[in-house]
Amino acid sequence: MIDKFIRVNQAGETAAVTIYKGQMAVLGGDPELRELLTHMRDQEVVHLDIMDKHIVDYRVRPTLLQPVAAIGGYILGVVSAMLGTKSAMTCTEAVETRIGMHYNDQLRDLHLLKHEQLEELKKTIAKCRDEELEHLDTAVDHGARMAPLYKMQFEFIKNGCSVAIWLCQRI
Ligand SMILES: [Fe+2]
Ligand SMILES: [Fe+2]
């Protein structure tokens, strides 16, 4: 179970970093957006560092889909940003909604296990979860829900995340 958790989390944080990089490549010309995206990207880089460390500490095999996560994230970032700032924010809201649920599911399972060694893992997952939910709020504050075809974009990306989570846990 721990293997699965760490494997999928590393892939997810890899994609998170590249989503923001992709969005920045398109929208980075605007100073306000650049600052916002840089802040969120920097937090994702810290999350990824944490997950990379877990991979080593718990001797977990990374998913074979790591390169797919990186490239897929970048493409999602670029395409969502090309649809406009609000669609970029819809993308962030959808991704962070799904990832917030994902981390909460993991925390619920981990709380059932009483082992000293798992305390750090619980703490870091909770920290990541809190920051993902901040990103979600930031996206909503920046017009995520005013994007054209908001509901469709939101559901499409959120369901895509569910498929990616399922795959990365198993492959
Ligand atoms: Fe993250
Ligand atoms: Fe995030």
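Remember, it's 1-based here, ligands and their atoms both numbered in the order they're listed.
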If I consider every N, O or S atom in [X], which one ends up closest to the Fe ion (ligand 2)? I only need its name.
X: Glu132; result: OE1
X: His135; result: ND1
X: Glu96; result: OE2

Exercise. Considering all heavy atoms of both residues, which atom of Leu27 and which atom of Ala88 are nearest to each other, and what is their separation?
Worked result: CD1-CB, 3.8 Å
Problem set entry | Heavy-atom closest pair, residues Ala147 and Thr90 |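 So the minimum-distance heavy-atom pair works out to CB-OG1, 3.1 Å.
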Exercise. Can you name the N, O or S atom of Glu13 that is closest to the Fe ion (ligand 1)?
Worked result: OE1
For this session: Could you tell me which N, O or S atom of His47 is nearest to the Fe ion (ligand 1)?
Result: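 So the atom name we want here is ND1.
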Exercise. Would one find more than 12 heavy atoms of other residues, nucleotides or ligands at under 6.0 Å from atom CZ of Arg61?
Worked result: yes
Exercise. Is the count of non-hydrogen atoms from other residues, nucleotides or ligands lying under 6.0 Å from Tyr58 atom OH greater than 12?
Worked result: yes
Problem set entry | Any N, O or S atom of Glu44 closer than 2.8 Å to the Fe ion (ligand 1) | yes
Exercise. Hey, does Lys158 have a side-chain heavy atom less than 4.5 Å from the side chain of Glu93?
Worked result: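 They are not in side-chain contact.
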Exercise. Any side-chain heavy atom of His47 within less than 4.5 Å of one from Ile99?
Worked result: no
Exercise. The Fe ion (ligand 2) to Cys128: any N/O/S contact under 2.8 Å?
Worked result: no
